[in-house]
Amino acid sequence: MKINFWLLDIGYEVVEDSPEIRLWGFDGNGNRILIIDQNLTPYFYLTPKEGNIESLYDQITMLKGELPYIVGHYIVEKKIFGKPIKAIKVECKNPDDLPKYANYLKKTLNAGSSFEDDIRFSMRYLIDKEVNPCSWMEFEVEEIKNKNFKVDQIYLAKSNPKKLDRFDLPKLRILSFDTVVYGVKGTSKAAQDPVLIISAIDNNGVKNQFISENKDDEMLIKKFRNFVNEVDPDILVSYEVNQVHLPYLISRAERQGIVFSINRDGGIPHRSVYGHISVTGRANLDIYDFYDEFTQVKVKSLENIAQSLGLLKTEESVFIDDFDIPSFWDIEENRHHLLRFSETRAQMILHISQTILENAIQLSTLVGLPLDHIGTAATGFKVEWYLMRHAHRIGELFPNRLEHPYYTYEGGLVLPPKPGIHNNVIVLDFKSMYPNIMISKNISPDTVIQPGEPEPPEGVWEAPKGKYRFRRAPSGFYKEVLTDLIKRRSEVSKKMRELKEGSFEYRILDAQQRAIKLITNATYGYAGWLGARWYSKEVAEATAAWGRETIQNTIEFAEAIGLEVIYSDTDSIFVVYDQAKIEELLEGVKNKLGLEIKPETIYRSILFTEAKKRYCGLLPDGRLDIVGLEVIRGDWADVSKKVQEDVLGIVLRERDIKKAVEIVKKHLSELRERKTPYKDLIIWKTLTKPIEKYKVRAAHVQAALMLEEAGWSLSIGDKVGYVITLKGSKMYEKAKPYNLASWDEIDVDYYVENQIKPAALRILEQFNITSEELN
DNA sequence: TTGCAGTGAGACGCA
DNA sequence: TTTGCGTCTCACTGCAAC
């Protein structure tokens, strides 16, 4: 029989010596189903050291008796960096041992290289069968019974999947949960600290709260496990679920001999690639992994993200810090606050997940990674999986990751700005400059002409300063991929224009075009990444060089026709508005450079200091567009950021320097009178390496040490919040974690001289205001 | 010992 | 575990002056 199928999760098992792919998802009627596909044999490729493919083939034939795990081998025509080569496809029984087999054959047979032995079998399946997760396909299947999986139906695949033109989403059951753990000193430890509360809520309004009895969490964990299985969510979501909640629950369960079986195959969640925790048959999403979607939130916490999305109502904002949990739990009449707090968190997680999910699903479909890997896979890998799919279609072998020497090259061009306030300034942007350059110059690892190599008959594109050459034809790997991406994005945008903004289809397409844009724009960076399979310094460097040349020419042209250029950074120029001349510029750039430049923002006025990459513009609707300045930096105390924002507002909207000075003074006297909220004094900084690796003593590292002493365990990527106290003279001596200090210890002078004044003067110095005038 | 100029580490943001 | 460009603060070093 034929069925429609929407893929949610993929895995594989080796059953009785032969591998099977397990596809978890939905049929066309909304049933949760499992399709088992046994129609793929694991394999890798082998190439001979010197040209003689037949002899390598024969050697393998002769070895076959000794190597029962090799089930087949064939000579195939492939390409590597565009060059045709012959390779041997070696098929094996067990997918987990491919690298081992490949190495053995390389050693014994003195073969040259192996390829694709490091591709996980489930990814192999997705690529080879051209299956995209989170999308619809058609399968010829046969129903099977007698397998103990938590699904409505189980089928055996009888055909290869066929892509369907169907874009709706099945009705996904999303379960959000939050755990509260008891811990007297610092970070909770599974060995001693019990789980107090688990709050769970699904997108149908089903909710439950599990509470420990006298800090015994055995029943709580069992009940939660049963609840998950009962609700049977397709998507499990929480905040820090991969690093904190699930590992903790698993570890607590293990200690008490509870089988924490919440997987659809009856198993226990396990750690998988990219540090993510896999719950077989479901997609486990961690809001924490979708950091980049909330760049405006500087200190990433669930509450801050919720607030930025307008999900946090003031009456709900009972916020309880980790270190306050015991006091709320131990005092019976306060306990309801804790219960309410946890429930609110579960609700916030559910809300946030719905905004994330649309983008994640489209990204998953586009790059071909399963939904639960989308958050955890770094950008470079997302690009790479996308490229690998394309490579497979055109018979290109996936290059192995090689060691490359560290190499830097010149990047984008940044012009020093003209300081002061300018009126009516327009920003002109090159749209996707790097991808378009890569297309127009056919820049790709497989089109590079090596030095000394003769020019091909089709001719070459020569990068600025004659550094690199790229053949004009045929089209290279990157050009094909990027052309296709750009074409797809413009098709999606075209469809969107016919739809009502905010409609379901519109939102899906919007998420789609965002996914495409992400991959398109990351391709240049990918090419310059040392870890990339398709790394090419020629590609990265030449693209940047042509980029500089492009913007340079644009600036010169703008100035030649009498436009005043205020500033320029990489692919944008800021000019004083003059309609006729701007039209001339757009036309000229299009004709001369073959690239499109588009008017972007118009500022009523804009303020620059001498510094590059920092400015503040006043938008037509009266909002401030602040770029690079302290206001939008996460490593300044809120009090300084507020002062600077106030100053910018007055300076740009009212042009009243005196008033701006007064407002600074007002903030300073509030601080001196200790009226400034304590939390506005906290400075947050990230630990970017293990504490012992730091070469100089820094304030946030010292604060981190104090936290560790007090029982917290910190890891790379954690933000440390500290305040500057009166004790000591060096900054690192004066710093103290904010939760271990209080207002009385604050060094007011530091906040005056090193926080508020510098932030305010950054702007006011432009108007000759000195530090003394702020006293 | 103090002051200070120069250098580098470290964090974060822009395109 | 996408790139380079850039700002800014503070620690550290070495040297001169006290």
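Just so we're on the same page: letters track the sequence lines, and every chain starts at 1.
For residues 632-643 of chain A, the pairs satisfying side-chain hydrogen bond (donor to acceptor under 3.5 Å, both in side chains) are Arg633(A)-Asp635(A), Ser640(A)-Gln755(A), Lys642(A)-Asp680(A), with sequence neighbours left out. Counting only residues at least two apart or on different chains, the ring pair (Phe, Tyr, Trp, His ring centres under 6.0 Å) pairs with a member in residues 679-700 of chain A are Trp684(A)-Tyr738(A), Tyr694(A)-His700(A). Within the structure, salt bridge (Lys or Arg N to Asp or Glu O under 4.0 Å) contacts touching residues 717-732 of chain A (residues at least two apart or in different chains) do not occur.
Annotation: side-chain contact (heavy atoms from CB on, under 4.5 Å) contacts of Glu556(A) (sequence neighbours excluded): Gln552(A), Asn553(A). With sequence neighbours left out, the side-chain contact (heavy atoms from CB on, under 4.5 Å) criterion links Leu586(A) to Leu428(A), Ile582(A), Ile597(A), Pro599(A). Residues forming a ring-ring contact (aromatic ring centres under 6.0 Å, His included) with Tyr535(A) (at least two apart in sequence, or on another chain): His404(A). Taking Leu671(A) as the reference, Thr676(A), Leu681(A), Trp743(A), Val748(A), Tyr751(A), Val752(A), Ile756(A) meet the side-chain contact (heavy atoms from CB on, under 4.5 Å) condition, with sequence neighbours excluded. The side-chain contact (heavy atoms from CB on, under 4.5 Å) test applied to Val273(A) returns Arg120(A), His373(A), not counting sequence neighbours.
Geometric assessment of Lys537(A) against the ring of Tyr407(A) yields a positive cation-pi assignment under the 6.0 Å and 45° thresholds. In this structure, Lys736(A) forms no cation-pi arrangement with Tyr722(A), as its terminal cationic atom is not both closer than 6.0 Å to the ring centre and no more than 45° off the ring axis.
Asn521(A) comes within 4.0 angstrom of no nucleic acid atom, judged by non-hydrogen atoms across all strands. If you check every strand for non-hydrogen atoms under 4.0 Å, Lys734(A) touches nothing. Across all strands, Tyr434(A) comes closer than 4.0 Å to no nucleic acid atom at all (heavy-atom distances). Leu629(A) comes within contact range of no nucleotide atom at all, as no heavy-atom separation falls under 4.0 Å. Within 4.0 Å (heavy atoms only), Tyr750(A) reaches sugar-phosphate atoms of the nucleic acid but no base atom. Counting any heavy atom pair closer than 4.0 Å across all strands shown, Thr523(A) reaches no nucleic acid atom. Contacts of Gly411(A) with the nucleic acid, taken as non-hydrogen atoms under 4.0 Å apart, involve only primed sugar atoms and P, OP1 or OP2. Counting any heavy atom pair closer than 4.0 Å across all strands shown, Tyr567(A) reaches no nucleic acid atom.
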Under 3.5 Å, N/O pairs linking protein and nucleotides 6-8 of chain C:
{"from": "dG6(C)", "atom 1": "OP1", "to": "Lys612(A)", "atom 2": "NZ", "distance (Å)": "2.8"}
{"from": "dC8(C)", "atom 1": "OP1", "to": "Arg614(A)", "atom 2": "NH1", "distance (Å)": "3.4"}
{"from": "dC8(C)", "atom 1": "O3'", "to": "Arg762(A)", "atom 2": "NH2", "distance (Å)": "3.4"}

Dump the pairs, protein N or O against N or O of nucleotides 6-10 of chain B, anything under 3.5 Å, distances to one decimal.
{"from": "dG10(B)", "atom 1": "OP1", "to": "Lys689(A)", "atom 2": "NZ", "distance (Å)": "3.4"}
{"from": "dG10(B)", "atom 1": "OP1", "to": "Lys695(A)", "atom 2": "N", "distance (Å)": "2.8"}
{"from": "dG10(B)", "atom 1": "OP2", "to": "Lys689(A)", "atom 2": "NZ", "distance (Å)": "2.7"}

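Using a cutoff of 4.0 Å between basic side-chain nitrogens and carboxylate oxygens, Glu733(A) and Arg697(A) are not scored as salt-bridged.
Sorted by residue number, the members of residues 529-550 of chain A with any non-hydrogen atom under 4.0 Å from DNA chain C read Trp529(A).
Paired regions of DNA chain C, where each region holds three or more successive Watson-Crick or G-U pairs whose two hydrogen-bonding distances fall under 3.5 Å, are B:1-15 with C:3-17.
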**OP:** Show your working on side chain to side chain contact (heavy atoms under 4.5 Å, CB included) between Leu413(A) and Ser568(A) and close with a plain yes or no.
**Re:** CA-CA 8 Å; Leu413(A) 179 75; Ser568(A) 165; 5.6 Å; no

